[in-house]
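Written below as C-alpha coordinates is the structure these notes are about.
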Number of protein chains: 2
Amino acid sequence: MQKEHNLSKNQKIIFDLIDKSRGPMKAYSILFNVQKKGIKAPLQVYRALDKLVEIGKIHKIESRNAFIACQNSSCQISKATAFSICESCENVSEISNLKLSKYLSNFSDSSGMKYSKYNLEFFGLCKKCKSK
Amino acid sequence: MQKEHNLSKNQKIIFDLIDKSRGPMKAYSILFNVQKKGIKAPLQVYRALDKLVEIGKIHKIESRNAFIACQNSSCQISKATAFSICESCENVSEISNLKLSKYLSNFSDSSGMKYSKYNLEFFGLCKKCKSK
DNA sequence: CTTATAAATGTTATATTATTACATACTGTT
DNA sequence: AACAGTATGTAATAATATAACATTTATAAG
Ligand SMILES: [Zn+2]
Ligand SMILES: [Zn+2]
Ligand SMILES: [Zn+2]
Ligand SMILES: [Zn+2]
(Lines give C-alpha, C1' and ligand atoms only; values in the text may rest on other atoms or scores of the structure.)
(Ligands and ions follow the chains in the order given, each with its own letter.)
Protein backbone atom coordinates (compact mmCIF):
# COMPACT_ATOMS: atom_id res chain seq x y z
CA MET A 1 0.00 0.00 0.00
CA GLN A 2 1.28 3.36 -0.98
CA LYS A 3 1.65 6.26 1.35
CA GLU A 4 -0.85 8.99 0.70
CA HIS A 5 0.81 12.24 -0.10
CA ASN A 6 -1.14 15.39 0.35
CA LEU A 7 0.15 17.61 -2.33
CA SER A 8 0.55 21.27 -1.61
CA LYS A 9 -1.10 23.91 -3.75
CA ASN A 10 1.73 24.37 -6.21
CA GLN A 11 2.48 20.68 -6.31
CA LYS A 12 -1.14 19.93 -7.14
CA ILE A 13 -1.34 22.53 -9.89
CA ILE A 14 1.82 21.26 -11.50
CA PHE A 15 1.03 17.59 -11.10
CA ASP A 16 -2.41 18.05 -12.63
CA LEU A 17 -0.93 19.81 -15.62
CA ILE A 18 1.66 17.11 -16.24
CA ASP A 19 -0.86 14.37 -15.63
CA LYS A 20 -3.26 15.77 -18.20
CA SER A 21 -0.58 16.35 -20.77
CA ARG A 22 -0.22 13.81 -23.55
CA GLY A 23 3.54 13.63 -23.31
CA PRO A 24 6.49 14.71 -21.21
CA MET A 25 6.58 18.37 -20.32
CA LYS A 26 9.57 20.63 -19.94
CA ALA A 27 9.98 22.87 -16.94
CA TYR A 28 9.61 26.18 -18.73
CA SER A 29 6.65 24.97 -20.68
CA ILE A 30 5.07 24.03 -17.37
CA LEU A 31 5.92 27.47 -16.04
CA PHE A 32 4.27 29.12 -19.02
CA ASN A 33 1.15 27.03 -18.51
CA VAL A 34 0.73 27.75 -14.83
CA GLN A 35 1.40 31.45 -14.83
CA LYS A 36 -2.30 32.15 -14.97
CA LYS A 37 -2.57 30.22 -11.71
CA GLY A 38 -0.11 32.51 -9.99
CA ILE A 39 3.08 30.53 -10.29
CA LYS A 40 5.49 33.07 -11.61
CA ALA A 41 9.05 31.88 -11.15
CA PRO A 42 11.12 28.93 -12.37
CA LEU A 43 12.07 28.03 -8.84
CA GLN A 44 8.47 27.47 -7.87
CA VAL A 45 8.19 24.98 -10.68
CA TYR A 46 11.46 23.24 -9.96
CA ARG A 47 10.65 22.89 -6.29
CA ALA A 48 7.35 21.24 -7.04
CA LEU A 49 8.97 19.02 -9.65
CA ASP A 50 11.66 17.93 -7.19
CA LYS A 51 9.06 16.95 -4.65
CA LEU A 52 6.85 15.17 -7.15
CA VAL A 53 9.83 13.20 -8.42
CA GLU A 54 10.84 12.36 -4.86
CA ILE A 55 7.47 10.87 -4.02
CA GLY A 56 7.18 9.09 -7.37
CA LYS A 57 4.18 10.94 -8.80
CA ILE A 58 6.25 12.00 -11.79
CA HIS A 59 9.51 10.90 -13.36
CA LYS A 60 12.20 12.83 -15.14
CA ILE A 61 13.13 11.69 -18.61
CA GLU A 62 16.82 12.45 -18.30
CA SER A 63 17.69 12.39 -21.95
CA ARG A 64 14.99 14.94 -22.67
CA ASN A 65 15.02 17.12 -19.57
CA ALA A 66 11.31 16.56 -19.33
CA PHE A 67 8.80 15.26 -16.84
CA ILE A 68 6.05 12.72 -17.19
CA ALA A 69 3.38 11.53 -14.79
CA CYS A 70 3.90 8.07 -13.40
CA GLN A 71 1.86 5.64 -15.46
CA ASN A 72 1.93 2.86 -12.91
CA SER A 73 -0.89 4.26 -10.78
CA SER A 74 1.45 5.95 -8.36
CA CYS A 75 4.61 4.12 -8.90
CA GLN A 76 5.77 1.69 -6.27
CA ILE A 77 8.97 1.68 -8.19
CA SER A 78 9.99 5.28 -8.50
CA LYS A 79 13.48 4.03 -7.86
CA ALA A 80 13.28 1.63 -10.73
CA THR A 81 12.13 3.38 -13.87
CA ALA A 82 12.14 2.37 -17.50
CA PHE A 83 10.89 4.26 -20.52
CA SER A 84 10.52 3.79 -24.22
CA ILE A 85 11.17 6.85 -26.32
CA CYS A 86 10.40 7.27 -30.00
CA GLU A 87 13.22 9.18 -31.61
CA SER A 88 10.95 10.43 -34.34
CA CYS A 89 7.75 11.64 -32.68
CA GLU A 90 9.23 11.86 -29.17
CA ASN A 91 6.41 9.82 -27.74
CA VAL A 92 7.40 8.46 -24.35
CA SER A 93 5.84 5.74 -22.30
CA GLU A 94 6.71 4.14 -19.06
CA ILE A 95 7.56 0.47 -19.29
CA SER A 96 5.97 -1.65 -16.65
CA ASN A 97 7.42 -5.10 -16.94
CA LEU A 98 7.84 -7.21 -13.87
CA LYS A 99 10.55 -9.43 -15.33
CA LEU A 100 12.59 -6.46 -16.40
CA SER A 101 12.27 -4.65 -13.11
CA LYS A 102 13.13 -7.78 -11.17
CA TYR A 103 16.13 -8.45 -13.37
CA LEU A 104 17.46 -4.95 -12.94
CA SER A 105 16.64 -4.58 -9.27
CA ASN A 106 18.59 -7.74 -8.57
CA PHE A 107 21.44 -6.88 -10.86
CA SER A 108 24.85 -6.85 -9.28
CA ASP A 109 28.34 -7.00 -10.61
CA SER A 110 31.87 -7.40 -9.40
CA SER A 111 32.25 -3.76 -8.37
CA GLY A 112 30.89 -4.46 -4.90
CA MET A 113 28.40 -1.70 -5.38
CA LYS A 114 24.87 -2.13 -4.10
CA TYR A 115 22.44 -0.45 -6.43
CA SER A 116 19.44 1.18 -4.85
CA LYS A 117 18.02 2.83 -7.93
CA TYR A 118 18.14 2.74 -11.70
CA ASN A 119 16.80 4.51 -14.72
CA LEU A 120 16.59 2.91 -18.13
CA GLU A 121 15.69 4.62 -21.38
CA PHE A 122 15.07 2.67 -24.57
CA PHE A 123 15.13 4.44 -27.91
CA GLY A 124 13.67 3.46 -31.22
CA LEU A 125 10.79 4.09 -33.55
CA CYS A 126 7.25 3.61 -32.42
CA LYS A 127 4.80 1.58 -34.46
CA LYS A 128 3.36 4.64 -36.15
CA CYS A 129 6.69 6.17 -37.07
CA LYS A 130 8.13 2.87 -38.27
CA SER A 131 5.43 2.51 -40.88
CA LYS A 132 6.07 5.91 -42.44
CA MET B 1 36.46 -5.06 -35.92
CA GLN B 2 35.85 -1.44 -35.28
CA LYS B 3 36.04 1.27 -37.87
CA GLU B 4 39.01 3.53 -37.43
CA HIS B 5 37.98 7.10 -36.94
CA ASN B 6 40.49 9.79 -37.67
CA LEU B 7 39.66 12.44 -35.19
CA SER B 8 39.96 16.04 -36.23
CA LYS B 9 42.10 18.49 -34.31
CA ASN B 10 39.41 19.68 -31.90
CA GLN B 11 37.98 16.22 -31.49
CA LYS B 12 41.39 14.86 -30.55
CA ILE B 13 42.11 17.62 -28.05
CA ILE B 14 38.79 17.10 -26.35
CA PHE B 15 38.86 13.33 -26.43
CA ASP B 16 42.35 13.26 -24.93
CA LEU B 17 41.25 15.52 -22.11
CA ILE B 18 38.21 13.41 -21.27
CA ASP B 19 40.15 10.20 -21.62
CA LYS B 20 42.80 11.35 -19.18
CA SER B 21 40.28 12.66 -16.69
CA ARG B 22 39.47 10.49 -13.71
CA GLY B 23 35.74 10.99 -13.95
CA PRO B 24 33.03 12.41 -16.15
CA MET B 25 33.64 15.94 -17.37
CA LYS B 26 31.12 18.68 -17.98
CA ALA B 27 31.10 20.70 -21.15
CA TYR B 28 32.11 24.03 -19.65
CA SER B 29 34.82 22.44 -17.56
CA ILE B 30 36.15 20.93 -20.76
CA LEU B 31 35.96 24.35 -22.39
CA PHE B 32 37.93 25.91 -19.57
CA ASN B 33 40.59 23.23 -19.84
CA VAL B 34 41.13 23.53 -23.57
CA GLN B 35 41.15 27.28 -23.90
CA LYS B 36 44.92 27.28 -23.81
CA LYS B 37 44.80 25.06 -26.88
CA GLY B 38 42.79 27.59 -28.82
CA ILE B 39 39.29 26.30 -28.36
CA LYS B 40 37.40 29.36 -27.27
CA ALA B 41 33.69 28.83 -27.65
CA PRO B 42 31.10 26.43 -26.24
CA LEU B 43 30.00 25.44 -29.69
CA GLN B 44 33.42 24.12 -30.56
CA VAL B 45 33.22 21.88 -27.53
CA TYR B 46 29.66 20.73 -28.14
CA ARG B 47 30.40 19.92 -31.76
CA ALA B 48 33.33 17.75 -30.84
CA LEU B 49 31.33 16.10 -28.08
CA ASP B 50 28.46 15.34 -30.45
CA LYS B 51 30.81 13.66 -32.89
CA LEU B 52 32.66 11.71 -30.20
CA VAL B 53 29.38 10.46 -28.80
CA GLU B 54 28.20 9.53 -32.28
CA ILE B 55 31.23 7.37 -32.97
CA GLY B 56 31.20 5.86 -29.49
CA LYS B 57 34.50 7.22 -28.17
CA ILE B 58 32.69 8.90 -25.32
CA HIS B 59 29.30 8.58 -23.69
CA LYS B 60 27.03 11.13 -22.09
CA ILE B 61 25.93 10.50 -18.53
CA GLU B 62 22.46 11.89 -18.95
CA SER B 63 21.60 12.31 -15.29
CA ARG B 64 24.75 14.37 -14.79
CA ASN B 65 25.11 16.24 -18.06
CA ALA B 66 28.64 14.98 -18.22
CA PHE B 67 30.83 13.01 -20.57
CA ILE B 68 33.07 10.04 -19.98
CA ALA B 69 35.46 8.16 -22.26
CA CYS B 70 34.27 4.76 -23.34
CA GLN B 71 35.81 2.19 -21.07
CA ASN B 72 35.22 -0.76 -23.38
CA SER B 73 38.24 -0.05 -25.62
CA SER B 74 36.20 1.81 -28.17
CA CYS B 75 32.75 0.65 -27.47
CA GLN B 76 31.15 -1.75 -29.89
CA ILE B 77 28.03 -1.00 -28.01
CA SER B 78 27.71 2.74 -28.01
CA LYS B 79 24.03 2.12 -28.57
CA ALA B 80 23.83 -0.02 -25.50
CA THR B 81 25.31 1.75 -22.53
CA ALA B 82 25.15 1.08 -18.83
CA PHE B 83 26.75 2.95 -15.98
CA SER B 84 27.06 2.76 -12.24
CA ILE B 85 27.00 6.05 -10.41
CA CYS B 86 27.88 6.64 -6.80
CA GLU B 87 25.47 9.19 -5.37
CA SER B 88 27.96 10.21 -2.73
CA CYS B 89 31.31 10.65 -4.47
CA GLU B 90 29.87 10.83 -7.99
CA ASN B 91 32.25 8.20 -9.22
CA VAL B 92 30.99 6.75 -12.50
CA SER B 93 32.01 3.62 -14.27
CA GLU B 94 30.83 1.94 -17.39
CA ILE B 95 29.30 -1.48 -16.83
CA SER B 96 30.44 -4.06 -19.27
CA ASN B 97 28.37 -7.15 -18.71
CA LEU B 98 27.53 -9.39 -21.60
CA LYS B 99 24.49 -10.94 -19.97
CA LEU B 100 23.03 -7.56 -19.16
CA SER B 101 23.65 -6.13 -22.61
CA LYS B 102 22.21 -9.20 -24.27
CA TYR B 103 19.17 -9.12 -22.05
CA LEU B 104 18.51 -5.46 -22.78
CA SER B 105 19.35 -5.59 -26.47
CA ASN B 106 16.84 -8.37 -26.90
CA PHE B 107 14.21 -6.79 -24.72
CA SER B 108 10.86 -6.27 -26.32
CA ASP B 109 7.41 -5.65 -25.03
CA SER B 110 3.87 -5.48 -26.24
CA SER B 111 4.18 -1.94 -27.58
CA GLY B 112 5.34 -3.16 -30.97
CA MET B 113 8.31 -0.88 -30.70
CA LYS B 114 11.68 -2.09 -31.90
CA TYR B 115 14.40 -0.70 -29.70
CA SER B 116 17.64 0.19 -31.38
CA LYS B 117 19.37 1.80 -28.45
CA TYR B 118 19.27 2.06 -24.69
CA ASN B 119 20.94 3.81 -21.83
CA LEU B 120 20.88 2.50 -18.29
CA GLU B 121 22.09 4.29 -15.20
CA PHE B 122 22.38 2.53 -11.84
CA PHE B 123 22.68 4.58 -8.66
CA GLY B 124 23.95 3.63 -5.26
CA LEU B 125 26.93 3.90 -2.98
CA CYS B 126 30.30 2.67 -4.04
CA LYS B 127 32.35 0.39 -1.81
CA LYS B 128 34.36 3.26 -0.40
CA CYS B 129 31.38 5.47 0.39
CA LYS B 130 29.37 2.62 1.84
CA SER B 131 31.97 1.98 4.52
CA LYS B 132 32.02 5.55 5.75
C1' DC C 1 -3.59 27.45 22.83
C1' DT C 2 1.34 28.06 22.48
C1' DT C 3 5.57 26.93 21.00
C1' DA C 4 8.59 24.59 18.12
C1' DT C 5 9.80 22.47 13.84
C1' DA C 6 9.52 21.19 9.25
C1' DA C 7 7.71 22.10 4.81
C1' DA C 8 6.24 25.18 1.38
C1' DT C 9 6.05 29.69 -0.82
C1' DG C 10 7.44 34.23 -2.98
C1' DT C 11 10.92 36.98 -5.25
C1' DT C 12 15.14 38.53 -7.39
C1' DA C 13 19.18 37.50 -9.33
C1' DT C 14 22.38 34.47 -11.35
C1' DA C 15 24.64 30.12 -12.85
C1' DT C 16 24.86 26.35 -16.01
C1' DT C 17 23.92 23.92 -20.18
C1' DA C 18 23.08 24.06 -25.07
C1' DT C 19 21.78 25.93 -29.73
C1' DT C 20 21.05 29.32 -33.84
C1' DA C 21 22.97 31.70 -37.45
C1' DC C 22 26.34 32.80 -40.52
C1' DA C 23 31.00 32.94 -42.54
C1' DT C 24 35.12 30.41 -43.66
C1' DA C 25 38.38 26.55 -44.23
C1' DC C 26 39.87 21.98 -44.81
C1' DT C 27 39.59 16.97 -46.84
C1' DG C 28 38.95 13.70 -50.12
C1' DT C 29 37.00 12.46 -54.68
C1' DT C 30 35.97 12.91 -59.59
C1' DA D 1 39.47 22.49 -61.07
C1' DA D 2 35.05 21.48 -59.28
C1' DC D 3 32.38 19.40 -55.97
C1' DA D 4 30.62 17.45 -51.69
C1' DG D 5 31.12 16.59 -47.11
C1' DT D 6 33.09 17.63 -42.82
C1' DA D 7 35.16 20.71 -39.61
C1' DT D 8 36.14 25.30 -37.78
C1' DG D 9 35.60 30.23 -35.93
C1' DT D 10 32.79 33.71 -33.83
C1' DA D 11 28.99 36.22 -31.80
C1' DA D 12 24.72 36.16 -29.92
C1' DT D 13 21.09 34.00 -27.55
C1' DA D 14 18.05 30.26 -25.85
C1' DA D 15 16.97 26.80 -22.53
C1' DT D 16 17.68 24.62 -18.19
C1' DA D 17 18.57 25.00 -13.29
C1' DT D 18 20.13 26.91 -8.73
C1' DA D 19 21.56 30.38 -4.86
C1' DA D 20 20.16 33.41 -1.42
C1' DC D 21 17.01 35.42 1.48
C1' DA D 22 12.47 36.67 3.50
C1' DT D 23 8.01 35.04 4.69
C1' DT D 24 4.16 31.93 5.39
C1' DT D 25 1.71 27.68 6.26
C1' DA D 26 1.16 23.03 8.07
C1' DT D 27 2.06 19.51 11.73
C1' DA D 28 2.85 17.96 16.04
C1' DA D 29 4.23 18.22 20.95
C1' DG D 30 3.71 20.21 25.43
ZN1 LIG E 1 6.27 5.23 -12.48
ZN1 LIG F 1 6.95 7.80 -33.09
ZN1 LIG G 1 31.38 2.33 -24.02
ZN1 LIG H 1 31.39 6.76 -3.72
Side-chain angles (χ1 to χ4, degrees), chain A residues 3-18 21 23-68 78 85 87 90 92 119 121, chain B residues 3-18 21 23-68 85 87 90 92 119 121 123:
Chain A
K3 185 172 174 235
E4 185 55 43
H5 285 284
N6 295 312
L7 301 183
S8 72
K9 179 175 135 269
N10 288 359
Q11 289 159 14
K12 206 169 317 191
I13 291 170
I14 287 172
F15 174 72
D16 285 347
L17 177 66
I18 297 173
S21 141
M25 291 195 76
K26 306 201 132 208
Y28 276 72
S29 149
I30 292 168
L31 175 57
F32 178 80
N33 276 277
V34 296
Q35 275 177 333
K36 45 183 172 278
K37 305 225 173 187
I39 294 176
K40 291 175 188 159
L43 192 47
Q44 295 175 289
V45 172
Y46 281 105
R47 282 197 286 224
L49 290 173
D50 283 352
K51 185 68 183 186
L52 292 167
V53 166
E54 184 194 325
I55 64 181
K57 301 280 289 181
I58 65 172
H59 305 301
K60 181 171 187 182
I61 310 299
E62 294 286 358
S63 66
R64 300 298 187 261
N65 298 317
F67 300 85
I68 192 172
S78 76
I85 302 170
E87 290 186 296
E90 292 295 326
V92 173
N119 179 57
E121 299 181 3
Chain B
K3 187 176 175 231
E4 183 56 41
H5 285 284
N6 295 311
L7 301 184
S8 73
K9 178 173 136 270
N10 288 0
Q11 289 160 15
K12 205 168 317 188
I13 291 170
I14 287 173
F15 174 71
D16 286 347
L17 177 66
I18 297 173
S21 142
M25 292 196 75
K26 308 200 132 208
Y28 276 71
S29 148
I30 292 169
L31 176 58
F32 178 79
N33 276 276
V34 297
Q35 275 177 334
K36 45 182 174 276
K37 305 225 175 191
I39 294 176
K40 292 175 189 159
L43 190 48
Q44 294 174 290
V45 172
Y46 280 106
R47 282 197 285 223
L49 290 174
D50 283 351
K51 186 67 185 188
L52 291 167
V53 165
E54 185 194 326
I55 64 180
K57 302 279 289 180
I58 66 173
H59 304 301
K60 182 171 187 181
I61 310 300
E62 294 286 358
S63 65
R64 299 300 186 260
N65 298 319
F67 300 86
I68 192 173
I85 302 171
E87 289 185 298
E90 292 295 325
V92 173
N119 179 57
E121 298 180 4
F123 306 90

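In what follows, every chain begins at residue 1, and chains take the letters A, B, ... in the order their sequences are listed. Any value given below was found using the heavy atoms of this structure, including those in side chains, with hydrogens, waters and symmetry copies removed.
- Between B/N10 and B/V34, the closest side-chain pair of non-hydrogen atoms is not below 4.5 Å.
- For B/F32, the side-chain contact (heavy atoms from CB on, under 4.5 Å) partners two or more places apart in sequence, or in a different chain, are B/Q35.
- For A/Q11, the side chain to side chain donor-acceptor pair (under 3.5 Å) partners two or more places apart in sequence, or in a different chain, are A/S8.
- The nucleotide range of DNA chain D contacted by chain B, defined by atoms under 4.0 angstrom from heavy atoms of the protein and reported 5' to 3', is D/dA7 to D/dA11.
- Of all non-hydrogen atoms in B/L7 and B/F15, the two that sit nearest each other are CD1-CB, 4.1 Å.
- Residues forming a side-chain contact (heavy atoms from CB on, under 4.5 Å) with B/L43 (at least two apart in sequence, or on another chain): B/R47.
- A/K9 is linked by a side-chain contact (heavy atoms from CB on, under 4.5 Å) to A/I13, counting only residues two or more places apart in sequence or in another chain.
- Residue A/K40 places at least one side-chain N or O closer than 4.0 Å to OP1 or OP2 of C/dT11.
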Pick out the pairs of N or O atoms, protein on one side and nucleotides 25-30 of chain C on the other, that lie under 3.5 Å.
none

Legend entry - Base versus backbone protein contacts along nucleotides 12-21 of chain C [heavy-atom cut-off under 4.0 Å; B, S, -]: B----BBBBB
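- By the side chain to side chain donor-acceptor pair (under 3.5 Å) test, B/E90 is found to be paired with B/R64, residues two or more places apart in sequence or in another chain being considered.
- For A/Q35 and C/dG10, the CD to P distance is 13 Å, given to the nearest whole Å.
- Every side chain to side chain donor-acceptor pair (under 3.5 Å) that A/S63 has, sequence neighbours left out, goes to A/E121.
- In this structure, A/K51 reaches the C/dA8 phosphate: one of its side-chain N or O atoms is under 4.0 Å from OP1 or OP2.
- Under 4.0 angstrom from either OP1 or OP2 of C/dG10 there lies at least one side-chain N or O belonging to A/Q44.
- Partners of B/K40 under the side-chain contact (heavy atoms from CB on, under 4.5 Å) rule, at least two apart in sequence or in another chain, are B/Q44.
- Here the closest heavy-atom approach between residue B/L49 and residue B/A27 is recorded as CD1-CB, 4.1 Å.
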Inset, instruction - Could you walk me through whether A/N33 and A/M25 pass the side-chain contact (heavy atoms from CB on, under 4.5 Å) test, one step at a time? - result: CA-CA 10 Å; A/N33 276 277; A/M25 291 195 76; 3.9 Å; yes
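- Whole-Å rounding puts the A/L49 CG to C/dT9 P distance at 12 Å.
- A 4.5 Å side-chain heavy-atom check between A/I30 and A/I39 finds every atom pair outside the cut-off.
- What you find for B/I58 and B/F67 is that their closest heavy atoms are CD1-CD2, 4.0 Å.
- Terminal axes of the helix from C/dC1-D/dG30 to C/dT30-D/dA1 (five pairs each, C1' rotation axis) are separated by 40°, to the nearest 10°.
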